[in-house]
**Q** 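Here you go, one structure.
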Amino acid sequence: MAELPRTLARSWSSTLKLPKSTFPARVTPADQAKYLRRCTDDLYAWQERERPADRPFVLHDGPPYANGELHVGHALNKITKDIICRTQLGLGRRVRFVPGWDCHGLPIELKALEAQKELQTADGVSAAAVIRKAARKLADKTVKAQMKGFRSFAVMADWANHWKTMDRAFEKRQLGIFRAMVEKGLIYRRFKPVYWSPSTGTALAEAELEYKDDHVSTAAMVKFPLARIPAHLAQDPLLQGKEVSAVIWTTTPWTLPANAAIAVHEALEYTIVESETHGHLLIAQSRLEYLESALKENLSVIVPAILGSQLADQTTYRPLFKGAAAEAQPIIAAEFVTADSGSGLVHCAPGHGMEDYEACLSRGIPAFAPVDDHGKFTDKAMPVAPEQLRGKSVLDEGNAAVLEYVESQGQLLTQHKYEHKYPYDWRSKRPIIIRATEQWFADVADIRGHALEALDDVNFVPSSGRQRLENFVKNRSEWCISRQRAWGVPIPALYHRGTGEAVLTKDSVTHIMKVIEERGIDAWWTDEANDDAWIPLSLQDATGPGYRRGTDTMDVWFDSGTSWSEVDVPYREDGRPADVYFEGSDQHRGWFQSGLLTFVAHQLASGQTTSPRAPFKHLITHGFTLDEEGRKMSKSIGNVMLPHAIMDGSLLPPLKPRKGKGKKQAENQAPMYDALGPDALRMWAASSDYTRDVVIGKQVLQTVHTSLHKYRVTFKLLLGALSDFRPEHRVPYDELQQVDRIALKQLSEMVLTCRKAGQNFEFYKAVNAINRWANQEFSAFYMEAIKDRLYTYGENSASRRAAQTTLFHIYQHLQEVLAPITPMLVEETWEHTPEAIKTQSQHPLQRVVSAPAAGWQNEGLESDYQELAAVNSVVKAVQEKARGQKQLGSSLQSFVHLVLPEDSTPASVFHRDLTELPDFFVVSSVSLGAHGEPIPESIAQAEWQYSEGYELPSGAKGTVYVYSPQAGKCPRCWRYVVAESEAAEETVCDRCEGVVQESDAAAAAATAEV
């Protein structure tokens, strides 16, 4: 031992190799803008230049709607897309991610109208032109604001070339796809019932509906007197001179003026009963008990069993609203009639019901819908007394007026309130109706089989998405693509001014597209109504009334559905525009479906002979964002969390208290928060299982902040420990210590888990693996075990360089697994990486991620670690007992003696790595004893000692003794390895003496050179 002067003893820390790094402990807001640009715009431009063009990865952006400010749902969507792209970038792919916006449609048009209220009474053409101008301005402003927000999330994309459905080039491509479908015969016009929104005055697609479970209707049971009955019933003496009425039950009494038939089921049995109040009634046998309950009387059965097939097409009845002179209407057969609801007879209004329409169409019964665009009755609803219903809303006073009239005619049996599921307009949140109008349709039935076949080789995440999308496609035969709005892409149809006949052909559409190319799409509305430039020469007739331009616009789902056409990647061999479509689960009925149908239709229209493909290889869906109580975000509830509040940290207190300038001043200061920037938002998105609804709240964000802080501390430790390391200092794997090899084994498992999670789009599993590794295997195990080697060993000692080699591998792999998730943090680590490492490494965000060396996957290391960890947990537990008695401070202030299990051999990890055990357990000394041997005398003589049994994973058992050190403390390394007599003299241990002398000699030599 070497005794040194006390003046030196006080400066032992200057001889240690303590970590040094410029990496800040906290996020530095001033540097965020610099890092943001580097890891987004600069990185995207770099990979476009440097990555091979024949390895493209395309994530096609499902366009957000250009309306309103961004919320956390937007953040979840866009950030997860970015994580997917960055993961592929790490695999060496050239990423194409071009953001898009859906700009047409009703919400923007309504806002434009709100800003221009005077337009509501203006001339139709001029009003449409001004609406379009205002809507375009509003959409453009919103796109710019949303883009700024998305970019602040550190989303790497081709922002400069973003697309919008209102772009001229986009509209041209859309019209081209529409023209191809016209040529193929997939577009047609028909008067038939569609979903109609009285509140917004337009037809809707099913994707634009929301279903409210607690809608309340006034249901009614109504009787229709029969005009003719089958011959065998007419001859029944019990019915001679009796009027029989068919009983129907409806939840939409307002549709009764449009009644055209009554449907029965051929296989059901019906019966004629007698009511004292209402006479002879025809009803299904299965519903007799229900009718008695509703009428509150016992009914007498007159004719017990009549098959529906005996009634259908042989029975007629008198209509209610068409006057006494009106022709009798038929009872028909229909499969949709059931025996377990209503009366077993169904009132059919083919102008107000999809099934009614199909059933009546086959029998030549026309659709009739006496309701206007605003959901109010027209004069045709009741020709004999039009003033009774005219102008009344069918969903309110019109419904009541219909029931009043039915009751006045003595044909209302009962009415009652009925709560049921009912469709609402998803924009206005008001109930819709079904109404027959002239609309344009896309023929889905013709391509449905091909569309389903195209999904066969698509990967769905989650897998349940396949059934959901297939069900939507299977249940769809037509797609109503026309809307009665001003803001959108026009359906390029021409209408004869005399007959109203529509013209829509390949040639007419081509002609109109040429005029649009010359004049712009707004000219469709702004040009004079009689401008013949829009009319092909073949249709121009100087003597006739001529043609006019239509005013319908295309469904916005057709707009966004054709967005795959903006993808132009020449090296894709599978014929798909995109690798990934990623949106919310509601898009199975919306964008996913419209993209699939338009892409398959385009392939068929183009004459493709091979089986059509879906436009995506992977179809991934996410849930909705909820607060911590499982509620949807709502301004009225006050539970909305804005993305910027998460990034600037204003929702949470700082992780550690900040230093104030005095107690009084500190109390008067506003609370200080950690602004963790976009990485906080990104960590929340990455750590969420997006395949379900995603919860966000202060507790969730506190966990996110804690994880980010842990990553930051980990990088600071790594950079500090590597400050004097150069890649050429790396030690071969077989020269590493056992604890280093265990650390690399654990690192490789974490990395491989992250890679698998990335390939399966399960990023939350990667975050879980990283967090577990950072907290347990790296921080609690490896860093604790190597601190002595890092800080007290000689700078160039083999043991210290081995630890640094391991840390170098950890540093590089940790950068790579976090690169897709927290790119800002990774970019910042590169800024502070020692120059010696930088010059021999590639930027972590540009690397093709490296697989862990195969040699690190040594399964024997896992069993060794499990045995060591089993003992270590007991050592720590026993040390806590000593701390509880205030006998122990630092864990180095203890010795450990292990009594090994009975069957232990010299090949055990405890024998093989005995010299490393003090580092592993972070104690000053470890000794071994065989089972049955006497306990060393030093333990019995110790000032204090504790013991406890342990059990290895194999089931073998032994005992741990933790006792007070039998030596003095080295003032440099703090290990208790100095003789007691010399400890009082502050004498360093032999190892530290050698390190100090070597360091002094090196310093002297350097001084001599100078």
Side-chain angles (χ1 to χ4, degrees), residues 217-229 239 241-264 272-283 287 290-292 294-297 299 302 311 315-332 342-353 356 365 368-371 376-418:
S217 296
T218 300
M221 197 172 287
V222 177
K223 66 176 184 177
F224 285 84
L226 299 182
R228 176 169 63 89
I229 60 177
L239 298 179
K242 305 294 184 182
E243 181 177 79
V244 179
S245 297
V247 177
I248 65 94
W249 178 81
T250 179
T251 59
T252 55
W254 63 267
T255 63
L256 290 172
N259 173 266
I262 291 176
V264 295
I272 296 175
V273 298
E274 183 178 7
S275 162
E276 291 182 3
T277 308
H278 303 286
H280 288 66
L281 305 174
L282 174 67
I283 191 171
R287 305 303 297 163
Y290 170 75
L291 181 62
E292 287 182 326
L295 297 180
K296 296 181 172 55
E297 64 172 298
L299 303 174
I302 305 301
L311 295 170
T315 312
T316 62
Y317 64 95
R318 294 193 296 273
L320 273 172
F321 287 83
K322 298 177 183 179
E327 289 185 8
Q329 298 179 166
I331 288 182
I332 63 175
S343 64
L345 296 96
V346 175
H347 136 66
C348 293
H352 294 298
D356 299 6
I365 302 172
F368 171 57
V371 178
K376 297 180 179 180
F377 281 122
T378 67
D379 285 350
K380 294 180 180 179
M382 195 170 176
V384 293
E387 68 283 352
Q388 289 200 29
L389 297 180
R390 179 197 301 135
K392 294 181 179 179
S393 170
V394 301
L395 291 172
D396 299 303
E397 71 268 25
N399 199 58
V402 166
L403 288 172
E404 286 176 12
Y405 176 76
V406 173
E407 187 172 25
S408 72
Q409 299 302 302
Q411 293 177 235
L412 179 65
L413 299 183
T414 65
Q415 62 173 304
H416 62 278
K417 297 298 181 184
Y418 178 68

**Q** What are the two closest non-hydrogen atoms of A261 and I365, and how far apart are they?
**A** CB-CD1, 4.2 Å

**Q** Do the non-hydrogen side-chain atoms of L403 and L412 ever get within less than 4.5 Å of each other?
**A**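 SC-SC contact between L403 and L412 confirmed.
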
**Q** Side chains of P225 and Q409: does their closest heavy-atom pair fall under 4.5 Å?
**A**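 Counting from C-beta outward, P225 and Q409 never come under 4.5 Å.
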
**Q** So how far is it from M382 CE to L389 CG, rounded to the nearest 0.5 Å?
**A**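 The CG atom of L389 is 6.0 Å from CE of M382, to the nearest 0.5 Å.
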
**Q** Is the backbone of T277 close enough, under 3.5 Å, to the side chain of S275 for a donor and an acceptor to pair up by distance?
**A**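 Looks like yes, one N/O pair under 3.5 Å.
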
**Q** Return the CD1 to CD1 distance between I332 and I262, rounded to the nearest 0.5 Å.
**A**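 Nearest 0.5 Å value for the CD1-CD1 distance: 10.0 Å.
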
**Q** Taking R228 for its side chain and Y317 for its backbone only, find out whether a donor-acceptor pair lies under 3.5 Å.
**A**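 Not at all, since once roles are kept as given, no pair shorter than 3.5 Å links the two residues.
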
**Q** Compare every heavy atom of W254 with every heavy atom of F377, then report the nearest pair and how far apart it is.
**A**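 Nearest heavy atoms, F377 then W254: CZ-O, 3.3 Å.
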
**Q** Does NZ belonging to K376 count more than 12 external heavy atoms closer than 6.0 Å?
**A** no

**Q** With sequence neighbours left out, what residues match R318 under salt bridge (Lys or Arg N to Asp or Glu O under 4.0 Å)?
**A** E243

**Q** So do the side chains of N399 and T252 get within less than 4.5 Å of each other, counting heavy atoms only?
**A**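 They are not in contact (no side-chain heavy atoms under 4.5 Å apart), so the answer is no.
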
**Q** Rounded to the nearest 0.5 Å, what separation is found between the CD1 atom of I248 and the CD1 atom of I331?
**A**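 If I round to the nearest 0.5 Å, the distance is 11.5 Å.
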
**Q** Do L291 and L299 make a side-chain contact, defined as non-hydrogen atoms from C-beta onward lying under 4.5 Å apart?
**A**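 Yes, at least one pair of side-chain atoms sits under 4.5 Å.
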
**Q** Which atom pair, heavy atoms only, marks the closest approach of A258 to P350?
**A** O-CD, 4.1 Å

**Q** Could you tell me the separation between the CG atom of L239 and the CD1 atom of I229, rounded to the nearest 0.5 Å?
**A**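 One gets 5.5 Å once the value is rounded to the nearest 0.5 Å.
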
**Q** Quick one: are V273 and H280 in side-chain contact, heavy atoms under 4.5 Å?
**A** no

**Q** Is the distance between the ring centroids of W249 and H347 under 6.0 Å?
**A** no

**Q** What are the two closest heavy atoms between A220 and P253, and how far apart are they?
**A**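 In this case the closest contact between A220 and P253 is CB-CG, 4.1 Å.
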
**Q** Should V244 and L281 be marked as a side chain to side chain contact (heavy atoms under 4.5 Å, CB included) after you check the CA-CA gap, both sets of side-chain angles, and the distance that decides it?
**A** CA-CA 6 Å; V244 179; L281 305 174; over 6 Å; no

**Q** Considering all heavy atoms of both residues, which atom of L282 and which atom of L345 are nearest to each other, and what is their separation?
**A** O-CD1, 3.5 Å

**Q** Nearest 0.5 Å please: distance from the CD atom of E327 over to the NZ atom of K322.
**A** 9.5 Å

**Q** Do side-chain atoms of D396 reach the backbone of G398 as a donor and acceptor pair under 3.5 angstrom?
**A** no

**Q** So does E276 get a backbone contact from the side chain of E297, meaning a donor-acceptor N/O pair under 3.5 Å?
**A** yes

**Q** So do V406 and L256 actually touch side chain to side chain, heavy atoms under 4.5 Å?
**A**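 Heavy-atom side-chain distance check passes, below 4.5 Å.
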
**Q** Give a yes-or-no answer on whether the side chains of S245 and Q411 include a donor-acceptor pair shorter than 3.5 Å.
**A** no

**Q** Please give me the minimum heavy-atom distance between K223 and H278, naming the atom from each residue.
**A** NZ-O, 3.1 Å

**Q** Using side-chain heavy atoms (C-beta onward) and a distance below 4.5 Å, is K380 in contact with F321?
**A** no

**Q** When rounded to the nearest 0.5 angstrom, what is the spacing between NZ in K242 and CD1 in I302?
**A**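 That separation rounds to 8.5 Å.
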
**Q** Given the rule in the side chain to side chain contact (heavy atoms under 4.5 Å, CB included) test, do L226 and T316 qualify, once you have shown the distances and angles that lead to the verdict?
**A** CA-CA 6 Å; L226 299 182; T316 62; over 6 Å; no

**Q** If we only count heavy atoms from C-beta on, is the K417 to T218 side-chain gap below 4.5 Å?
**A**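 Yes, their side chains come closer than 4.5 Å.
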
